[in-house]
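See structure below.
Remember, predicted model here, so these are calculated numbers, not experimental data. Reckoned from all heavy atoms, side chains included, excluding hydrogens, waters and symmetry mates. Note on naming: letters A, B, ... go to the chains in the order of the sequence lines (proteins, then strands), and numbering restarts at 1 for each one.
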Amino acid sequence: MREETRRKLAALSQDEQVLLRPLVDTSRGYYVTATLLAVVAVWGLFAYYVQVRYGLGRTGLNRPGYWGIYIICFVFFIGISHAGTLISAILRVSKAEWRRSITRSAELITVLVIGFGAIQPIVDLGRPDRVLNVIFHAQLASPLLWDVISIGAYFTACTIYLYVPLLPDLALIRDVGLKAPRLYRFVAAGYRDTPSQRAILERVIGVLSILVIPIAVSVHTIIGWIFAMTLRPMWHSTIFGPYFVMGAIYSGIAAILVAMFMLRRSFGLQEYFKEIHFDYLGRMLLLFSLLWFYFTFAEYLTAFYGAEPAEMRTFWAKVSGPFAIPFWAMVSGCFFIPVALMARRSTRTPRGTLVAGIAVMIGMWLERFNIVVPTSVNPRWELETIGSYMPSWVELSIMAGAFAGFVLLYMVATKFIPVVSIWEIKEGREQSVRVVAERVAGYLPAEEKATTP
Amino acid sequence: MSPTRRQFVWTMGAAGMAVALQEVPDVLWTADDVIDPGWAPGLEERIVSTCLVCPARCGIVGRVVDGKLIRILGNPLHPMSRGGLCPRGVAGVQLLYHPERIAGPLVREGERGSGQWREASLEEAIGLVTERLSALRSEDRSEALALLSGHCPGSMDDLWRSFLEAFGSANHVDDGYEDGLDAIMTLMHGVPRRPSYDLERSDLVLSFGVPLFESWWSPLQAFVAFADPEGERRPRARFIQVDTRFSKTAARCQEFVGIHPETYGVLALGIAYVLLRDELFDSRFVAQHVRGFENFTDERGRPREGYRSLVTRNYRTEDVSQITGVPVEKITALARTFAGSPQAVALCGSAVTQAPNGLLAAMAIHSLNVLMGRINRPGGVLFRNDVPLSPMPETVLDDTARGGIGRGSLAGPAPPFGDGNSALRFARAVAESDAPGIDALFLYYSDPLASSSHPEVWAEALAKIPFVVSFSPFLDESTQYADVIIPDLLPYERWQDAPTPDTYPYPIWGLTRPLVEPFAGGAHTGDAVLALAAALGGGISESLPYESFEALLKARAQGLFAARRGAAFGDAFQREHHRQMEERGWWLPDFRNVDQLWDELVSRGGWMDLFYDHDDPAYIARTPDGRVDLMPAALLRAVGGEGRRPYIDLVTRDAVPTDDFPLRLIPHRVSTLSSGTLGLQRWMAEQPGILPATQWEPWIQVHPETAHELGFGERDLVWVVSARGRYRARVSEFHGTAPDNVCVPYGLRHPDGELANPLQILDGWSDPLTGLPSWTTTFVRLERA
Amino acid sequence: MPRWGMVIDLDRCTGCAACELACKSENNITTVSPEQAAMGRSMSWMKIMAEVEGDFPDNKLAFYPRPCMHCDNPPCIKVCPVRATYIDDEGIVGQIYSRCIGCRYCANACPYTVKYFNWYDPEWSESERQHLNPDVSVRPKGVIEKCSFCHHRLQKAREDARAEGRKLREEDYQPACAEVCPTGAIVFGDLDDPTHRVSVLKDEPRAMRLMEDLGTAPKVYYLRPRA
Ligand SMILES: Nc1nc2c(c(=O)[nH]1)N[C@H]1C(S)=C(S)[C@@H](COP(=O)(O)OP(=O)(O)OC[C@H]3O[C@@H](n4cnc5c(=O)[nH]c(N)nc54)[C@H](O)[C@@H]3O)O[C@H]1N2
Ligand SMILES: Nc1nc2c(c(=O)[nH]1)N[C@H]1C(S)=C(S)[C@@H](COP(=O)(O)OP(=O)(O)OC[C@H]3O[C@@H](n4cnc5c(=O)[nH]c(N)nc54)[C@H](O)[C@@H]3O)O[C@H]1N2
Ligand code: SF4
Ligand code: SF4
Ligand code: SF4
Ligand code: SF4
Ligand code: SF4
Ligand SMILES: [Mo]
């Protein structure tokens, strides 16, 4: 760090110092990690090049196993993207004060991962060169097109929803002159944090946080519908919309937990990501693991009880057939492990939630695997041969590349954006206690007057 | 020192760009231009011809665009195939454009079999052969020329016969489809030809192991009879398949009767027992036309037990059921159905005859037709007429030729009935003899190194023959061993005649003609033989005075004109019309002279004569007393007391499983196979079996329980091991295979060309009466490969 | 307006696969390598499936030749984001190869699994190029293909009929599979035209359609094998 920057930092308040330091102070470990991730990402690009050059044949996809890793990752990434915006919006709308330090990092996940999700179906295309046909020859009855629209809307909304609350912090960086003055002058867009600007800002955030909820819900509902709109066994189910939304939020919370743990570690943010945050999010995780179980149980019981032969073939393939290992790993990751860890106060620690979060992420990836692959390879017509699917190195490399690219981008973003909203913390310190006290008071019956006749 | 952020970003970016830009222009999204961009709709023709891929000889129409054969369609005018084709017929285009076709005549350069060849002109190649053959004749050793010829009925066969005769050699060795039925007809009916089956009019077809829908003489004849595609008959015929495996034929017949291997004859006599016991048989026919039914005295005056007594004594249904595994009620029901269907016929083929007691078993089966009087009756067994072609010109035998023929054939004495397995007998004789025997061998439509059950004997024989000429268009195993190759044209490029097989009751003369311009390097073997004859001169060229094979065919067609029968192929209406006219003794030709007839034949695909005279007793039997003989004297004489008594010794007692070799091998042909030894065409290799749905690889079918007991699963690669050898294939579990059998397709290769030929591990038994090899008595075990 | 359809008599079909081969030959369907085939990537617009029951010697079997069902209510076309698969006025469900983006959604949506994807560019060997049918375009890599009811033959038949100034007859438009079938098991024609055989056969008591309960309304009917 340069001397001048150091001086500029020192002039700031405690919160500002801690939260802006990562923007200017980069460790050796950061570079090493970034390089590694970049290598993996470039390797993924190379794998994609191979796929484009020679054809989708380089994957393990086949007939009837038409869909695989890419579609799994698509659902998974878009699911993760529900981390931020949706959760932060819900917390904002419900005025959960403990949200203040976590919304930013969560929203950032959304915006960055959504792109990685959105490219997955393009990677999956046999003819990516014709992807614009989706616009030129749009066929509105196709759930895939609904998806293009809703993901587009979601991405836009999320970006705004990330950007607007970012303005005061960007303005701060610009004003302090911490780095890249021209860039910040541009992105801060003349925001001066005047009271009237602040009022507008808060109103916009308020509107956005309501607006973004239905969009987010639509996104994953529609992803669920991509499957549900076909007549395939164990896809054709009305539960898929809500099931996918629930699953998305679930994996989103897990992603936030993991991200928070990492940020807290690398940037020394123990004071901002407190045990209580992990505890609260852990409780949410617990709630969702129960919800997950409920939905999954409902979905499998319906299939099992109906006992339609075509459904049962897929059902047994998952429960005790060739997909039993991913199936039961999914149940452990999404249910047993998080419940066991999150149900007890003593394991709802940052470390405990990290383990649970990772388990849920893996579990939810497997859940998507268990949705996409077993149905795909088990054709509805019983005379058709049952297929199998084993991803090729190309698919695995592209997946690794996407994960690496996402983390890398997140890391780079932390060099430009404070991962905790500085102004919201400040606002919290200045107003929250009073506001909450008033609000709580508002919940209760008036003490004195009640007794006077 | 840690890199600055700027450096870092730039390095990563540059690396990414480098990868992205590299070879970008190579990323082509369009399929490469398989159709020439300048292509415009070209000249399209539809040319009528005949399929020569299997013995059936169906009618085809070639769709030719700009001189290329694009598609093979069925010829709806062909009376037997009626516009239908089997998959092999359709895939003929891939035979024509087969990548392994030889580009032109080749002369061996290096060691034999080393694959070193020199290209030669046709004249040079024929010159070389002429030189060798002239030398043989001038040494007075004309019999040292031998021909090994596969299935090629019609004028090609006649041409070869004339050529060899005029040249002076009796070593004309057949290597084709043998089922021994001609021997049986000779014995019982005095008619030395295969029976015809009037399947199209049968109301019940009781097949003893004949894979009617898969191979046999004419799957198309069977398809049309089975399905009645033109909807002429109501109700359709009933097909019952008695078989040791649940074959594709068995699968689609209305009834499948599973049976223990090698017990077909016993089941037939079980049925006969019921027919006799319940007096269901045609006693009038038997009384009028049959001999050997009741007890009789033989030539030497000894009393002999007749058919009725033998069967009634020995084939009580309980015993038959014990032996065959077919329940008693089923036997009775079969007998009743058979007797109750006035146009029922029982047929058998090589599944029955290629066994140690094959001849006797097939006689037992055919006796059902005799017992029910289903000879020369609609829907029954018929003997069809030859196509009334002009005969080949009388061969002119000079002294050399007479001498050569006089010295006989090398294969030595034939078996008592028929001439089974003569190719192997010939090869053995060559391999075992020390004296110079054969100096020159012609290979026509035959690839013994790949197809013989004893390729090692053939290898030895070929090593002793100094001069081998192959006419194969493909570089098959034996052709690789040749000294001169004069590659034949493919059937889609040449003239040939194509008589339907004997199983079809009417004489049909299909014409095969060039659909496309003949391949530049190839030479019609018929033309090559005519050229050879001309070059050899003398009696040989006098015997074959034709300038081309086409001219020969045209000359022979004169006989059709002179016969004052038959007509060119026609549609259903024309066929019916022609039949009714001939029934009334009328014949109204559409042509006035031979040239017109020829043009008609060429444009419609061939000649047919759909009238069959059911009143002529000569079609029942041509034995001395005109009766069908159930106890042929010749047979009784030949078998003596050898344990081969007719209607008694029908099961080989020695063929039993052992601990070492517990499973019985059931070889069968697949319906997609075009030629015994050539790799399958790509279209077919992709799904050779249909059942099972295996792709590209040879398989064996094993009952799932047997497979599990042995520790094998679906698709495991195994060795099939017999006492004589082994080969590799993949396991396919199938509930239609009996638990103690393994059903193995023959004729398949692994994708790398390795043969998977179960015939090469056969135990080597044969039927001493016909000489036919036994394909039914080999036992094997499976080992993991 | 005709409504083209097919009736396949399972009682006649012997599983010979001539239809499968004729379709490959007519429609330039590429043959993939053995390795690719083992991965499940071979193509066959018409495919013979076997329904096997029972144990030796009480086996039963029916062959089901399976083209595209050309559903009247095709679930495949609804899901295509770019309208690269569509149903025309006469009920033929077609593919637009030059527009397809290769998402394989339609393939997953088809309950009959009749769609095939070009995982690679087709590799035509020199010998296979010789016999490509000039009437049918070859498909590039990355797109979906399937049975077209030999639509190109309809166009040709129409032109011919127009040139001769007459109406289209039943026998004018027959797909390659129906034309070659040696047992006459495949019958093709206009389901709504009472003079066409299919219109009668489809109402036989033996007639059924695959997975009728899905409401896809296939235009390929099967006649159940007789007992
Ligand atoms: N598809 C096709 N057809 C052809 C030909 C061709 O190349 N392709 N070639 C022609 C030629 S050359 C020939 S020789 C014929 C062959 O034609 P066939 O002789 O008619 O057919 P295979 O399949 O060889 O006959 C063997 C049958 O016997 C049955 N079998 C029944 N009982 C027994 C038993 O007790 N033991 C054993 N081991 N088997 C039993 C098997 O199940 C099998 O179906 O086909 C002719 N037709
Ligand atoms: N591997 C294997 N061995 C077998 C069999 C099998 O199916 N597979 N089947 C057994 C049976 S039943 C029989 S009958 C024999 C048959 O065995 P072969 O008599 O050897 O007959 P194929 O193998 O059918 O054909 C022989 C050769 O004829 C050549 N040929 C193909 N078309 C033409 C043509 O148009 N003109 C000329 N001149 N030659 C042509 C090909 O090169 C082919 O290799 O084999 C027996 N052995
Ligand atoms: S049955 Fe034989 S002759 Fe007829 S099409 Fe098939 S291969 Fe050709
Ligand atoms: S061609 Fe006809 S008989 Fe052969 S498989 Fe096809 S539908 Fe069945
Ligand atoms: S069978 Fe499948 S591909 Fe054909 S129309 Fe119906 S849904 Fe579409
Ligand atoms: S694969 Fe092609 S035809 Fe099928 S849904 Fe996608 S774009 Fe449409
Ligand atoms: S209708 Fe045409 S495209 Fe469809 S299966 Fe038959 S031959 Fe193939
Ligand atoms: Mo044969």
Please determine, among C/Arg66, C/Arg99, C/Gln36, C/Met49, the option with the most heavy-atom pairs under 4.5 Å with chain A.
-> C/Arg99
Between A/Pro143, A/Ser142, A/Ser388, A/Ala141, which shows the greatest number of heavy-atom pairs under 4.5 Å with chain C?
-> A/Ser142
Contacting region of A/Ile135 [heavy-atom separation from chain C under 4.5 Å] | neither
Could you give me the CA-CA distance, side-chain angles and deciding distance for C/Thr216 and A/Leu231, then say whether side-chain contact (heavy atoms from CB on, under 4.5 Å) is met?
-> CA-CA 10 Å; C/Thr216 49; A/Leu231 292 168; 4.0 Å; yes
Identified side chain to side chain contact (heavy atoms under 4.5 Å, CB included) partner of C/Pro81 from the options A/Val148, A/Leu144, A/Asn133, A/Val131 | A/Leu144
What do you reckon, is CD of C/Glu123 surrounded by more than 12 foreign heavy atoms closer than 6.0 Å?
-> no
When rounded to the nearest 0.5 angstrom, what distance separates CG in A/Leu56 from CG in C/Asn118?
-> 10.5 Å
Check each atom of C/Ala50 against the heavy atoms of chain A and say whether the ones under 4.5 Å are side chain, backbone, both or neither.
-> backbone
Heavy-atom neighbours of C/Arg197 CZ exceed 12 at 6.0 Å = no
Might you confirm whether atom CE of C/Met208 has over 12 heavy atoms from other residues, nucleotides or ligands at distances under 6.0 Å?
-> yes
Side chain, backbone, both or neither: which part of C/Pro75 has a non-hydrogen atom closer than 4.5 Å to chain A?
-> side chain
Largest heavy-atom contact set with chain C, pairs under 4.5 Å, which of A/Tyr389, A/Tyr70, A/Phe136, A/Trp235 | A/Trp235
Nearest-0.5 Å distance that lies between atom CE in C/Met39 and atom OG in A/Ser392 | 7.5 Å
Inter-residue atom distance C/Lys78.NZ - A/Met229.CE, 0.5 Å rounding | 9.5 Å
Which portion of A/Ile122 sits near chain C, non-hydrogen atoms under 4.5 angstrom = neither
Check the angle between the aromatic planes of A/Trp67 and C/Tyr105 and answer parallel, tilted or perpendicular using the 30° and 60° thresholds.
-> tilted
CZ (A/Arg63) and CZ (C/Arg41) are apart, to the nearest 0.5 Å, by 13.0 Å
Part of C/Met211 within contact of chain A (heavy atom distance under 4.5 Å) = side chain
Assess the side chains of A/Arg58 and C/Tyr120: does a donor N or O sit below 3.5 Å from an acceptor N or O?
-> yes
What part of C/Leu210 is in contact with chain A, defined as an atom under 4.5 angstrom from a non-hydrogen atom: side chain, backbone, both or neither?
-> side chain
Pairwise side-chain contact, A/Leu125 with C/Arg104, heavy-atom cut-off 4.5 Å (strictly under) | no
